[in-house]
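Worksheet: one structure, shown below.
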Amino acid sequence: MAYHFNDIEAKWQKYWAEHKTFKAKQPQELGEDKKPPFYVLDMFPYPSGAGLHVGHPLGYIASDIYSRYKRHKDFNVLHPQGYDSFGLPAEQYAIQTGQHPAKTTKANIKRYREQLDRIGFSFDWDREVRTSNPEYYKWTQWIFIQLFGSYYDYDEQKAKPISALVEVFEQGGNASINVACDDDIAPFTAEDWSSYSSDEKEHILLKYRLTYLAETEVNWCPALGTVLANDEIVNGLSERGSHPVVRKKMKQWSMRISAYAERLLSGLDNLEWTDSIKDAQRNWIGKSVGASVNFPILAFPEGEGTTTPRYMTGGNNAHLLVEKAQNNRKNPTKTEAVLWEALKGKQLSGFKFRQQHLIDDFIVDFVCLKKGLVIEVDGKYHEETKQYDEARTDILNKQGFEVMRFTNEKVLSQLEEVLEKILTKLESLQDRKGKVPPSGARGIDVFTTRPDTIFGVSFMTLAPEHDLVKQITTPEQKEAVEHYIGETEKRSERDRLADVKTITGVFTGAYAEHPFTKEPIPIWIGDYVLASYGTGAVMAVPCGDQRDYDFAKHFDIPIPNIFKDTDISEQAFAEKDNTQIANSDFLNDLPIKKAIKRAIHEIESNGFGKSKTNYRLRDAVFSRQRYWGEPFPVYYVNGLPKMIDEKHLPLNLPEIEKYLPTETGEPPLGRADVWAWDTEHHKVVSNAGVNHTTIFPLELNTMPGWAGSSWYMFRYMETDKRNEVFASKEALDYWQNVDFYVGGSEHATGHLLYSRFWTKFLKDRGFLNVEEPFKKMLNQGMILGESAFVKKDMNANKIYSENAVPAVEVQKIHADVNLVNTSNELDIEGFIKFRPEFKDAEFVLQNGKVLSFGEDLGEASNGTFLVSREVEKMSKSKYNVVNPDDICDEYGADALRLYEMFLGPIEQSKPWNTAGLSGVLGFLKKLWKLYHDGDNFVVSDESADKKAFKTLHKTIKKVTEDIENLSLNTSVSTFMICVNELTQLKCNHREILEPLCVLISPFAPHIAEELWEKLGHNESIAYEAFPIFEEKYLVESTKVYPISFNGKMKFTLELDLSLSKAEIEEAVMQQERTQKQLQGRTPKKVIVVPGKIVNIVG
RNA sequence: GCUCGGAUGGUGGAAUUGGUAGACACGUUGGACUUAAAAUCCAAUGGCCAUUAUGGCCGUGCGGGUUCAAGUCCCGCUCCGAGUACCA
């Protein structure tokens, strides 16, 4: 009787579905049966319109094998499946066709289910979830409300209800709390708090909630009326339609995931995940330890009042002159000294003068900034020509300064007269115009991981977007700075990052003061500093940081060296080991690690800053301007968000006519007519009713794709009470978390991070009792397609077979792989139907024969047409998609399952080759034959011989180990070897074939069930005990020793395992072949490893 | 640049702690069966040189090293893949 896989597979798939064979038991159903739970989960698919290709089931097959194995091992296995059914493709399809996304999603799911069912997965479909079902997203909304109602306490490292924070505020304000919050919160006392209105209180609380509304910078495309993700922008234009994109601030919901940075990082240590995924998360979280330091800004001189014009009047190159000016001050000429004696300390009728002051790119001798009067004396520093003096005066005039010049002689001989002239002039002048500096800005906070290099600071750089930039920029530099900011705004963040080589920046004209040396430090802006990381400002240490170094070189900023015995003439010295600090006051001669500690100590004890840990992880924007997503359970009262009461969930997605944003740029939900919340009747009502007293507008954004997928693993745990709870306590206590998770590694920093975040949050608030969602994870590789190409003459309508290409320029064109057989022969007729544009083309066959349209293409067998093959990602656009349905039709589901496993290590990417399936199909046929004699099922009840037992137990051992290690490709090989050996032995004994059937059932469940039934069992094989390996069947008395000479194996020799080392050596040396190899030489050494090898050296 | 993987026949891959490199398949070649094809079965298949042989030499990306013995361990490269990126 032949192996009719189609009938067998259909029969058992039906059986499993009817008997609910794979239904997992809830704890209360277990009764006496105290099976331990085991939860195996696949990352649920997004049901796309394209259906499944042969690459998709790879992970599902692996997890299915594992699930079935665990059932054989007597676990209560939970192995569910569902659909991540909200998402962009359905919405885009809806925009194009007007079809409701729910409709297409439903159709896609139906198709997915049909395809999945054909492969024989042991899913418990009773627990299916769909993220777009209101009964599911009710709980996604519920979790959002819990997040809104929570804040994060850093001291306790957990989330707590917001009501606890209100109590803290009532008792002591916000001065001494250590909680996660926005960074722009003003301090307030308990009295302040009680004096606030409830709206004010709400505004403040919003800055502490774990999900909050905030102005976020987004890529806004006015033409498309939507926000674009970074990868939807190419060269500053939208990918679709090439419309301009601008950075725009929008009110968006954000998730305060940054609060969990430390726990997300430390939690990784205990997970059985691959190092590469853990590393990706560690990088993403990006913890760096260092210090935050405050650099005071010199813009606000003491004692001059707030009406005084700016102190800083230097130009773009002024930083180069600072040192010179200092020198000049220290070493004045005689004339300067005399005049300064008379001017300093507001002696001259209370007018304050400064000496050797920077204005634009000049150092002027004296200046009264209030009146804008410059006094210059001729001396050793002014040997310039008259022309130069005039040019200089001209520039100073343009900057709003009057210039008076006196000769040395005049000052020395007629000081009184000079002073009088100056005073007269001063009194005749209006106050110089200047912006009033704000009182709030006290300095620039920077974050550094290298506080030890603080004495190497020679400038500071702010991100162009930094709030302080506008405040500190001097009038002289205003134009340059504004121009620069304008230029950077035009570039998207991504472009900026891509173009690392070009060094750009501009001097603000402002100076900060070094906290230790009190020296002025020029403040620049540059786009190599990111507003989004740290404080958006850096203390630049060019000798120790390559980017600072490059910037300094480019703008000719000094590069002081603070590393002992290092050469920084070519590049910065960024190493942390084997060097000591120099030119750094109290840090001199300290090795770097000690210097860091000392520097932090000094910074803290002087009040310049404090030690700080910084994380790269940013809060996640949670709003999308889309239709096909979860609606927020939020309505707005006076612009303040309010949550809909939990009792009234779900808030269903409204119906709209078109799925595009509105004409006014609102998200698609802005098109809904019935989208207002009636707080009296607790229901959604028409927008017309909005009165802002009882009826309020609802949120128009929807949640992002990762909302629903961040908690679905817990939803599967519940069966009955799905409407009352997202999962009952009993169920959560029993199943705990996912024991084994299977999916692609592309979710390393998305889904896998967000679900860890939500799990931790739900645990903090007592809704879950596990800290992590997924204990062990397997990341399957991608199955690649073997694309087929024909070669077309670039200049003629001629298409060539692989080996018939003449010396002309050709172009490769994809041919659908379904038109190519396993020998790479193309079905030309099919190709013309597939690409009608070539219906008039000539086809040059392998033998040079030319076929063209009109001829009988069936005659193509007179010569073949071959395609060339190339491995590419499997995708519709490359016409290399292989449909699992076709494989099931032709080879069977069991063959498909075995083949996908047999291809290679599961985590590795590898090309699909349909031809290879004949190997596994042949194996299944051989397996089938073991149980049959011709057409009859024949199994002997006599006892099997030793060899058969040895083969069986060898197989049990290897397969058990392989499944545990997830080396599923080698277990398929092992089965092949086993069946080959048993065939050789003509073994048809029940005591061998029955365990073999169980052994193979996780891999090829249909054939196993069929054979099991034929063996006389009337229950499914699914819960049979897995065969246990017994050592005794493998015990050997002899070993075939490889005998090697100088490490090279020359021949083998079978020897008794009981022999001692000496006996083995003797036996080997007696061999004629040994003597032949030695050719009369005496071996220097003979290495004998009993049971392994003999090596003769000499 | 940084982080993590990887490189073995014509192809996918095996070799779990250093111990017979190439398991198991695909493909190819030859043969049997057949009117023929399919299916099935048998044999060969890393390269080179031999062929009277149970024969010799070379072989796991490249160059060194450790060892009786290296695909496996160490040092230095090259190339490929993935992730991430001016992270201060």
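Both backbone and side-chain heavy atoms feed into the values below; hydrogens, waters and symmetry mates do not. Each chain gets a letter, A, B and so on, in the order the sequences are listed, and its residues count up from 1.
OP1 or OP2 of B/G13 has not a single side-chain nitrogen or oxygen of A/Lys910 nearer than 4.0 Å. Residue A/Gln546 places no side-chain N or O under 4.0 Å from the OP1 or OP2 atom of B/C86. Contact annotation: A/Arg547 side-chain N/O to B/G1 OP1/OP2 distance is not under 4.0 Å.
Rounding to whole angstrom units, CZ of residue A/Phe1051 and C1' of B/U20 are separated by 12 Å. The CD atom of A/Gln908 sits 12 Å away from the C1' atom of B/A14 (whole-angstrom rounding). Remark: P of B/C86 and CG of A/Leu530 are 6 Å apart, rounded to the nearest angstrom. The distance between atom NE2 of A/His4 and atom C1' of B/A39, rounded to the nearest whole Å, is 13 Å. The CH2-P distance, from A/Trp273 to B/G83, rounds to 18 Å in whole Å. Going from atom CD of A/Glu907 over to atom P of B/G13 covers 11 Å, rounded to whole Å.
The base of B/U40 lies outside donor-acceptor range of the side chain of A/Lys929, with no N or O pair under 3.5 Å.
No salt bridge links A/Arg547 with A/Asp550; every basic N to acidic carboxylate O contact stays at or beyond 4.0 Å. Salt bridge absent: A/Glu981 and A/Lys950 never bring a charged side-chain N and a carboxylate O closer than 4.0 Å. Comment: A/Asp933 does not engage A/Lys986 in a salt bridge, judged by the lack of any side-chain N to carboxylate O separation of less than 4.0 angstrom.
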Distances for protein N/O vs nucleotides 22-32 of chain B N/O pairs under 3.5 angstrom?
| from | atom 1 | to | atom 2 | distance (Å) |
| --- | --- | --- | --- | --- |
| B/A25 | OP1 | A/Asn980 | ND2 | 2.7 |

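A donor atom on one side chain and an acceptor atom on the other are found under 3.5 Å apart for A/Ser787 and A/Asn880.
Partners of A/Asn614 under the side-chain contact (heavy atoms from CB on, under 4.5 Å) rule, at least two apart in sequence or in another chain, are A/Ser288, A/Phe447, A/Tyr533, A/Lys612. Residues passing the ring pair (Phe, Tyr, Trp, His ring centres under 6.0 Å) test with A/Trp706 are A/Phe622, A/Tyr754, sequence neighbours excluded.
When the shell of 6.0 Å around NZ of A/Lys957 is examined, it contains 12 or fewer heavy atoms from other residues, nucleotides or ligands.
Nucleotides B/A14 and B/G6 have their P atoms positioned 12 Å apart, rounded to a whole Å. B/A25 and B/C41: their P atoms are spaced 11 Å apart (whole Å). Nucleotides B/U11 and B/G61, compared at atom P, are 13 Å apart to the nearest Å.
Base orientation of B/G76: anti, since the glycosidic angle falls outside 90° of 0.
When A/Phe455, A/Phe459, A/Phe608 are each tested for a ring-ring contact (aromatic ring centres under 6.0 Å, His included) with A/His514, only one passes: A/Phe455.
Counting only Watson-Crick and G-U wobble pairs whose two key distances fall under 3.5 Å, RNA chain B forms stems of three or more stacked pairs at B:1-7 with B:78-84, B:10-12 with B:24-26, B:27-32 with B:40-45, B:46-49 with B:55-58, B:61-65 with B:73-77.
Of the residues in residues 274-283 of chain A, A/Ser276, A/Asp279 come within less than 4.0 Å of RNA chain B through at least one heavy atom, sorted by number.
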* Contact state string [nucleotides 42-67 of chain B, B base, S sugar-phosphate only, - no protein heavy atom under 4.0 Å] -> --------------SSS---------
